[in-house]
Engineer: 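Before anything else, here's the structure in question.
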Amino acid sequence: MSATPPESDFASMYDLNITHAPDAGGHFGRFGGRFAAETLMQPLKEIETAFFEAWADGSFHAERLDLLEHYVGRATPLYHAERLSAENGGAQIYLKREDLTHTGAHKINNTIGQGLLARRMGKKRVIAETGAGQHGVATATVAAMFGMDCDIYMGREDMARQMPNVLRMRLLGANVIPVDAGTATLKDAVNEALRNWVATCEDTFYIFGTAAGPHPYPLLVRQFHTVIGQEARAQILKQAGRLPDVAVACVGGGSNAMGLLHPFRDDAAVKLVAVEAAGYGLKTGKHAASLAAGKAGILHGNLTYLLEDDEGQVQGTHSISAGLDYPGVGPELAFMLEEGRLQLDAASDDEAMAALQLLTRCEGIIPALESSHALAAGARIAREMRPDQIVIINLSGRGDKDMNTVFRQLGWLEDAS
Amino acid sequence: MSKRLTDLFARCKADNRAALVGYLTAGDPDVASSRELLLALADKTDILEIGMPFSDPMADGPVIQAASERALAAGAHIRDVFALTKSVRDTHPDLGIVLMGYANVPFAMGFDRFAEQAAAAGADAVLIVDIPPEEGHICDAALKAHDLDRILLLSPTSTDERIRLACDNGSGFIYYVSLTGITGAEMGDVRLIQQKVAHIQAISAAADNPLPVCVGFGVKTPEQAAQVAQFADGVVVGSHFVARIADGDGSDVVRDAISASAADMRQAVQAATGASA
């Protein structure tokens, strides 16, 4: 599937071909699919149809790319972190600066795309789930810009952890609905958003936040985020004259990971690394590493890796970062792992905290706790490599939202709880 | 198709009445009490849907969500679901029994083992909310191998194409979800439900394998049950019974409340079409 690219230098950076597409039912090998309640089957089909029509329509991309350039602030820089590289003493580390986008994280790439799709389909209201609040903020932002009603579902536990983002969403005019069910975190927010969507699908578009969920969301979210990897690929060729040896991203559901890694998939020499949240450590059982420690299961509309007990009951997860605190993962990452194209890594809460402080002190960049997981593992990988080699790390978001958590971890704040 | 379900709908038809289908979550509020409650409801219904507790019941409203949480908190396992099913079957040879739940529990067990044990416990059919016909490749062969019917759902958003898909791939009966929403929500305009059910019945009648159509989600009062019974082949009542557990202060009280409200529902369904009790 391709469209005539809009004519501008900016737009010409992006490849609009869809590669590694799932089958017609949304399956990536044995993963993915559309395990949804009957009521949602037709609305999902309508989104799929609208997406493929839009993707083949040059005017859709012209507007999307115009917003990405002038509203989001793309292309984001690829920054050679020389001091961080020297500090680690291994490969050259380049950071893909998604933290510099409008709203402070990569999530806006997707909400712009889905927001345009919602408008194209004539929907007046959008809903979304959110964990760290970044997807909620990005959705509320787009809803404000497009003049749509917006309800955001968020676990009460996460609301407490990410209060600044809750308040930002309210300021943007969104209604933040606390979710008390289950573990009161991201998975429960997804359940509640799905329950609402079942009742409202006629006038409401569900802006799903990660490259998971029922078909077509994994494909759609991936496509809207590939700008990250496509830019990074062109930038590293220009800045270093060669492709990277390794590309690294953190994984909760997998949106920033698919965004960075997908465009390097056919570059066989580039290692693709997904970093999961090891929480207190993989052996403690208190983590969010679905790929490393889970098994195949069905949740939220797709077949993927899940953290669950022997009888298929989904388990609670732990991570210092709300954005990685999810017991599932995008089905395409599960597929890439089984296919052997993806390498797994993990970083603990403590390692993420250390990586956050190191980047802050030697580069003056305060990363999100989610991205700090990628930084921790990326630096560890870089240390084992030669100085003439290159590692690209996706700096998926900025750390402003995490300051309370970080200060508390450092003992600079009284624990409010 | 399960002979028991075929015979049961034929009997209801001969009596000129709709079947009464009741739902409770297995293991709610605990396994021992749940046995009493399931048996009490089985006495008053034609078909019993036995819910398999799940950590993330995405299609359920607060009442049935709470039931799943209570059951899991009290330590209900899938083996308890089968044991409870067997208890009901042993005392109710003609009752239709449907195991209802979400995909991940049978998937974790493996559908072959799940189907084998469900059939051995005496279930006639299985209803998995999040396995639409398109994803039936993961369970259809296993269910068929153990003569279990696969109940498929239809809803107000189902197109004619989807109705035909359900008629071609489902068996036992069609479960029509009367509203766009979750279990226990407010029932919609009964005339619209009637129109859609008539439409589904017409498409089903033209299919190779015509299926009865039962209507559920949102049926909470005997009046609503009576209205639906006038045109549907079966009326499903769930949250209304489960809510008695949340309200009740003790097992006998809850059991009597469920039994009494099931009797009211049964009377309403029978009176709706002039059938004799």
Side-chain angles (χ1 to χ4, degrees), chain A residues 23-27 30 32-46 179-183 187-204 213-215 295-304 306-316 327-328, chain B residues 52-62 65-66 68-69 72 76-81 101-110 114 128-135 137-139 152-159 161-163 165-166 174-177 179-183 185-186 188 217:
Chain A
D23 73 12
H27 302 96
R30 70 180 177 124
R34 186 178 281 162
F35 291 88
E38 173 63 24
T39 310
L40 294 180
M41 292 300 283
Q42 192 59 27
L44 288 165
K45 180 82 197 159
E46 285 164 16
V179 177
D180 288 310
T183 56
K187 86 174 169 73
D188 309 288
V190 175
N191 290 338
E192 212 52 41
L194 284 169
R195 290 182 187 118
N196 179 273
W197 196 37
V198 167
T200 60
C201 50
E202 201 166 319
D203 70 347
T204 297
H215 180 57
K295 59 179 183 180
I298 298 167
L299 181 71
H300 296 153
N302 61 144
L303 203 164
T304 186
L306 290 180
L307 291 169
E308 59 179 44
D309 70 12
D310 291 343
E311 298 191 2
Q313 306 297 345
V314 181
Q315 289 183 317
Chain B
M52 301 183 279
F54 181 50
S55 53
D56 294 81
M58 288 153 282
D60 285 303
Q65 284 176 50
S68 246
E69 284 185 17
L72 292 173
H77 291 277
I78 187 70
R79 63 173 179 272
D80 299 315
V81 176
Y102 294 84
N104 203 44
V105 171
F107 183 81
M109 237 186 130
F114 170 80
I128 307 291
V129 177
D130 52 350
I131 306 185
E134 288 87 339
E135 302 292 355
H137 54 93
I138 67 163
C139 64
L152 288 173
L153 298 155
L154 288 172
S155 83
T157 61
S158 302
T159 57
E161 189 187 349
R162 299 202 57 76
I163 295 171
L165 199 60
I174 294 284
Y175 187 132
Y176 180 66
V177 174
L179 47 85
T180 51
I182 51 182
T183 56
E186 288 308 311
F217 280 44

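Below, all heavy atoms of this structure are taken into account, side chains as well, without hydrogens, waters or symmetry copies. Within every chain, numbering begins at 1; the chains are lettered A, B, ... in the order of the sequence lines, protein sequences first and strands thereafter.
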Engineer: When only pairs under 4.5 Å are counted, which of Pro214(A), Gly301(A), Cys201(A), Gly297(A) shares the most heavy-atom pairs with chain B?
Structural biologist: Gly297(A)
Engineer: Is Phe54(B) in contact with chain A via its backbone, its side chain, both, or neither, using a 4.5 Å heavy-atom distance?
Structural biologist: both
Engineer: What are the two closest heavy atoms between Ala296(A) and Leu303(A), and how far apart are they?
Structural biologist: CB-CD2, 4.1 Å
Engineer: What option among Ala108(B), Pro62(B), Ala59(B) has the most heavy-atom pairs under 4.5 Å with chain A?
Structural biologist: Ala108(B)
Engineer: I'd like to know which of Thr200(A), Leu40(A), Leu299(A), Asp188(A) tops the heavy-atom pair count under 4.5 Å against chain B.
Structural biologist: Leu299(A)
Engineer: Counting C-beta onward and ignoring hydrogens, is there a side-chain heavy-atom pair between Glu38(A) and Ser158(B) closer than 4.5 Å?
Structural biologist: yes
Engineer: What part of Ala36(A) gets closer than 4.5 Å to chain B, counting heavy atoms only: side chain, backbone, both or neither?
Structural biologist: backbone
Engineer: Name the option with the most non-hydrogen atom pairs under 4.5 Å to chain A; the candidates are Pro156(B), Ala66(B), Ser155(B).
Structural biologist: Ser155(B)
Engineer: So which of Val105(B), Leu153(B), Asp56(B), Leu154(B) has the largest heavy-atom pair count under 4.5 angstrom toward chain A?
Structural biologist: Asp56(B)
Engineer: What part of Asp310(A) lies closer than 4.5 angstrom to a heavy atom of chain B: side chain, backbone, both or neither?
Structural biologist: backbone
Engineer: For Pro132(B) and Arg162(B), which heavy atoms make the closest approach, and how far apart are they?
Structural biologist: CB-NH2, 4.3 Å
Engineer: Can you list the residues that meet the side chain to side chain contact (heavy atoms under 4.5 Å, CB included) rule with Leu179(B), with sequence neighbours excluded?
Structural biologist: Ala185(B), Phe217(B)
Engineer: Go through the atoms of His300(A) and report whether side chain, backbone, both or neither lie under 4.5 Å from a heavy atom of chain B.
Structural biologist: both
Engineer: His137(B) versus chain A, heavy atoms under 4.5 Å apart: side chain, backbone, both or neither?
Structural biologist: side chain
Engineer: Could you state the interatomic distance from NE2 (His27(A)) to CZ (Arg34(A)), rounded to the nearest 0.5 Å?
Structural biologist: 9.5 Å
Engineer: What part of Pro53(B) gets closer than 4.5 Å to chain A, counting heavy atoms only: side chain, backbone, both or neither?
Structural biologist: backbone
Engineer: If the condition is side chain to side chain contact (heavy atoms under 4.5 Å, CB included), which residues does Ala103(B) pass it with, not counting sequence neighbours?
Structural biologist: Ile298(A), Ile128(B), Asp130(B), Ile131(B)
Engineer: Go through the atoms of Glu308(A) and report whether side chain, backbone, both or neither lie under 4.5 Å from a heavy atom of chain B.
Structural biologist: side chain
Engineer: Which atom names give the shortest non-hydrogen contact between Pro327(A) and Val314(A), and what distance separates them?
Structural biologist: CG-CG1, 3.6 Å
Engineer: Stepwise, does the side chain to side chain donor-acceptor pair (under 3.5 Å) test hold for Gln313(A) with His77(B)?
Structural biologist: CA-CA 10 Å; Gln313(A) 306 297 345; His77(B) 291 277; over 6 Å; no
Engineer: With a 4.5 angstrom heavy-atom cut-off, could you sort out which part of Leu152(B) is near chain A: side chain, backbone, both or neither?
Structural biologist: neither
Engineer: Assess the residue pair Ile78(B) and Met52(B) against the criterion (side chain to side chain contact (heavy atoms under 4.5 Å, CB included)); give the C-alpha distance rounded to whole Å, side-chain angles, the decisive distance to 0.1 Å, and a yes or no.
Structural biologist: CA-CA 7 Å; Ile78(B) 187 70; Met52(B) 301 183 279; 3.9 Å; yes
